[in-house]
Peer 1: 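Shown below is the structure under consideration.
Letters go in sequence order (proteins before strands), and every chain restarts at 1.
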Amino acid sequence: MEQEHQHITSYRTYAIVLTALLFLTAITVFVTWFDLEALTIVVAMAIACVKVTIVISYFMHVKHDKLVFKLMVGMVFILILVIFLILFSDYLFR
Amino acid sequence: MEISAIENSYLKHGTKYKGILGWLTSTDHKRIGLMYMYAIMIFFLVGGLLGGLMRLELFRPGQDYITAQTYNAVFTVHGVIMIFLVVIPGLAAVFGNILMPIMIGARDVAFPKLNLFSFYIYIFGAILAISSQFLGKGAPDTGWTFYAPYSTDTNTNVVAAVLAAFVLGFSSILTGLNFIVTIHRMRAPGMTWFKMPLFPWSLYATAWIQLLATPIVGITLLMIIAERWFKIGFFDPNLGGDPILFQHLFWIYSHPAVYIMILPAMGVITEIIPTFSQKRVFGYKAIVFSSVAIAAVGYLVWGHHMYTAGMSVTARWFFSLLTFIVAVPSAIKVFNWISTMYKGSINLQPPFFFTMAFIFNFMIGGLTGLVLGSLATDIHVHDTAFVVAHFHYIIFGGMGFAFLAAIHYWFPKIYGRMYNNKLANTSCALIFGGFTLLYFPQFIIGLQGMPRRYFDYLPKYEWGQVFSFFGAIVLGIGILIMLINLFKSARKGKIASSNPWGGKTLEWTIASPPTVENFEEIPIITEGPYEYK
Amino acid sequence: MENSITHTEHRDDTASKMGMWLFIFTELLLFGGLFIVYSVYRSKYTADFHVAANQLNTFIGTVNTVILLVSSMTVAMSVTALRTGNKGLTLKLLATTIFFAFLFLVNKYFEWGLKFEHHLYPGSELMLTLKRGELLFFGLYFFMTGLHALHIIVGMILLIVIYRKIQTGRITKDDNVLLENGGLYWHLVDLIWIFLFPLLYLIS
Ligand code: HEM
Ligand SMILES: [Cu+2]
């Protein structure tokens, strides 16, 4: 099996990614100082999802991986989401 | 083909060690598969004897041979052994290991050492499961479902049994992982996804379920242990927990787990029917997509085990709807099998008889599944012998018969020898007859209200239990005859040719039994797997 | 694929990486189960969860978040360093990652230690007197962070092994999939923390 071309991410990209992640962390902590009530969790989860996407795309370099990897990762997250939705068809309507 | 094929095969050549050690340290997928087979056979016999013990107790109403507490312990081990040690690894670990790499034209699985490792994890889990019977304060009595809060309260040795299920799950995950990577990366050149035989396809779909469903039950079982040790209250209503949440988590795994059992069985049947009809499989792609659809939708129907548990009404009808949807791909497969046989030149051999029995049983099991899946009727038959009959029809009548079909189909490939046809047919008839006599009456007394997991019953159910008892005896005799036939033939049977049935998939192009390397040269694939003239 | 008769272990990096990813999926679903439990009880006992979360130390939580993010970057960079042939830098970056992992555990030790001092630990008498929702929150807190810490420990050991292998030349510029996989595992630990952090520390 021939070795596939390996994508090498530059140090600079990683540094930028880290800055972005730290910035997002700062925002999540910052918004908790205000009382957004139910929105707090929504904002926190939205930011967490963005962060996770960044980590997966760059640190775990799925962005430069073959299509199968992207499909698999996408599938797993969709599955988790669907399980949540179906489960809450019980808890929300009880 | 002379005796030398056996001398050159994986049966005689392995690692640098000789004898038993050569097997125990071998990373050859065929040897690992065979070791699984012997282990599973032993556990099956143990589990079967326990089942016989329950039938004996139920022969008459009232307490006769064992106490109620012992009865509870017996159906718990029976369930744990049969589900976690026999049918979940069953086809994938045995025939998946032995044949899948060959069928896709590979020399081994992607991670052979991991493969051996998961075998040892399996053995470790098995030891834990068995030791739960003897260590601590009495054998667990929760049933294989470990429902909370009873499982967090009972004094019996639940922790060991739960831990065993956790460990066995880990073994199952690693096997699934190995198969997915193998199928992605090691198909022979030219074998595109849609030129792959259908047994590997079904294993692929199964492997994803193993991978994505097992962790959920893993964590759930760990929570049970944490709850027992630290009183955390996850599932204990006294501490604010919700016992129904345990059922959710448990069935999120355990419903997909039933597809772990049946999907490879369907794959086996899909291999056997074209060979014995000498005809191209009907609707190759429909079968592929139905496997994938079963895996996907099957993940989302878990709630049909909980209709009476106290879920919201919305959830109940929704799960009922989804359950009906999942029956569609299963039915598609049955139609495909029948259509494949239509106008084929049928060759009536033992594997084909077992296959016919499979289709018959599977249809009864599947249709009664729909009775259970529809909300209104399930309220009536939930937790009765009807459920017991349903899942035995699917698991034993389906997966079990597929296993027997598979062993009779690939026996000449695995051992290089042939069994006695007449004895095989006799055993098939006895097993089928005994099975029907054993489980069919359970449908009827279940409908009449016979509850499951009870050691005693009202006299009006006695006739059914008596039939079942004699059915169990016939079944046992059939299994005994089959085992004698196979064991004798494995050592002394007539030498088999490399392709006794006229099969077209890759395993029939190599020597019987295969060499360690499987292929002298990796074949280049140009056409589909079932191109009969 | 070569057609050699011998059972040569042909190297397939994509296969190894796929294996690692599949394993990561199982870990995600393992924690997924816990997140399910968390969300169910949070929706049931919203007020109690807020009160209980107030007692967690947001500062330590934030510091640990930063630590994990930075360590994720250093381990990612170490792959770049190895691929560009800079073994010395690779080792330095890995050592930094391992050090951060250790720091995370030290913080966790003090965080848990404080809770234990206040008699807040699974199975303690005080816990059983709490409101139901608070009890569940702390149960989940200990279970989830405990399991996560276990993964940190495993990741740390993995990285140490990889460090040794690079030192002794068993992982090289051209054969670096093991380092990559170790890195993937470490990022997984980070991923889970990214969800744990707001859910446990920031809902007050
Ligand atoms: C057409 C497909 C199927 C449908 C619609 C179906 C439906 C159901 C339903 C609704 C129940 C719950 C009954 C109750 O507890 O009241 C059930 C139980 C069960 N089914 Fe099926 N089923 C199907 C196929 C299968 C297959 C393929 C297997 C295994 C290979 C299986 C194994 C089981 C088991 C083990 C139980 C009992 C679990 C327990 O409570 O111990 N089923 N089935
Ligand atoms: Cu089910």
Peer 1: Given a strict heavy-atom distance threshold of 4.5 Å, which part of B:Leu222 is in contact with chain C: side chain, backbone, both, or neither?
Peer 2: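 For B:Leu222, heavy atoms of backbone and side chain both lie under 4.5 Å from chain C.
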
Peer 1: In terms of heavy-atom proximity below 4.5 Å to chain B, should C:Lys44 be classed as side chain, backbone, both, or neither?
Peer 2: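 For C:Lys44, side-chain heavy atoms alone lie under 4.5 Å from chain B.
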
Peer 1: What's the spacing between C:Leu29 CG and B:Ile216 CD1 if we round to 0.5 Å?
Peer 2: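 Result: 5.0 Å between the selected atoms.
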
Peer 1: When rounded to the nearest 0.5 angstrom, what distance separates NE2 in B:His184 from CE in C:Met18?
Peer 2: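 So the NE2 of B:His184 and the CE of C:Met18 are separated by 5.0 Å.
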
Peer 1: Compare all side-chain heavy atoms of B:Ile219 with those of C:Leu147 and state whether any distance is below 4.5 angstrom.
Peer 2: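 Yes, side chains in contact.
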
Peer 1: Could you tell me which non-hydrogen atom of C:Arg132 sits nearest to which non-hydrogen atom of B:Gly240, and how far apart they are?
Peer 2: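 Minimum heavy-atom separation between C:Arg132 and B:Gly240: CD-N, 3.8 Å.
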
Peer 1: So B:Ile173 and C:Phe23, do their side chains get closer than 4.5 Å, heavy atoms only?
Peer 2: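 Side-chain contact under 4.5 Å: no.
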
Peer 1: Starting at OG1 of C:Thr26, measure out to CD of B:Gln210 and round the result to the nearest 0.5 Å.
Peer 2: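 C:Thr26 atom OG1 to B:Gln210 atom CD measures 12.5 Å (nearest 0.5 Å).
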
Peer 1: What distance separates C:Leu22 CG from B:Leu212 CG, expressed to the nearest 0.5 Å?
Peer 2: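 Taking CG in C:Leu22 and CG in B:Leu212, the distance rounds to 8.5 Å.
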
Peer 1: What residue, out of B:Ile180, B:Asn238, B:Leu177, has the most heavy-atom pairs lying under 4.5 Å from chain C?
Peer 2: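 That would be B:Leu177.
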
Peer 1: Does atom NZ of B:Lys231 have more than 12 heavy-atom neighbours, drawn from other residues, nucleotides or ligands, at distances under 6.0 Å?
Peer 2: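 Atom NZ in B:Lys231 is not crowded, with 12 or fewer foreign heavy atoms closer than 6.0 Å.
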
Peer 1: Is it true that atom CZ of C:Phe116 has more than 12 heavy atoms of other residues, nucleotides or ligands lying nearer than 6.0 Å?
Peer 2: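 Yes, the 6.0 Å shell around CZ holds more than 12 heavy atoms from other groups.
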
Peer 1: Is atom CG of C:Leu126 surrounded by more than 12 heavy atoms (other residues, nucleotides or ligands) closer than 6.0 Å?
Peer 2: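 Count over threshold, so yes.
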
Peer 1: Heavy-atom distance under 4.5 Å to chain B: side chain of C:Leu28, backbone, both or neither?
Peer 2: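 For C:Leu28, there is no contact with chain B at all, as no heavy atom is under 4.5 Å.
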
Peer 1: When rounded to the nearest 0.5 angstrom, what is the spacing between CG in C:Asp12 and CZ in B:Phe111?
Peer 2: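 That separation rounds to 8.0 Å.
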
Peer 1: Under 4.5 Å from any heavy atom of chain C, what part of B:Leu211 do you find: side chain, backbone, both or neither?
Peer 2: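 Both parts, backbone and side chain.
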
Peer 1: For atom CZ of C:Phe104, decide whether the heavy atoms of other residues, nucleotides or ligands shown that lie under 6.0 angstrom number more than 12.
Peer 2: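 Yes, enclosed.
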
Peer 1: Under 4.5 Å heavy-atom distance to chain C, tell me which part of B:Trp229 shows up: side chain, backbone, both or neither.
Peer 2: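 For B:Trp229, no heavy atom lies under 4.5 Å from chain C.
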
Peer 1: I'd like to know whether CZ of C:Phe110 has more than 12 heavy-atom contacts from other residues, nucleotides or ligands below 6.0 angstrom.
Peer 2: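 Incorrect, the count does not exceed 12.
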
Peer 1: Contact part of C:Val37 toward chain B, heavy-atom cut-off under 4.5 Å: side chain, backbone, both or neither?
Peer 2: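 Contact with chain B is through both the backbone and side chain of C:Val37.
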
Peer 1: Working to the nearest 0.5 Å, report the span between CZ of C:Phe143 and CD1 of B:Ile232.
Peer 2: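 Spacing of CZ (C:Phe143) from CD1 (B:Ile232) equals 6.5 Å.
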
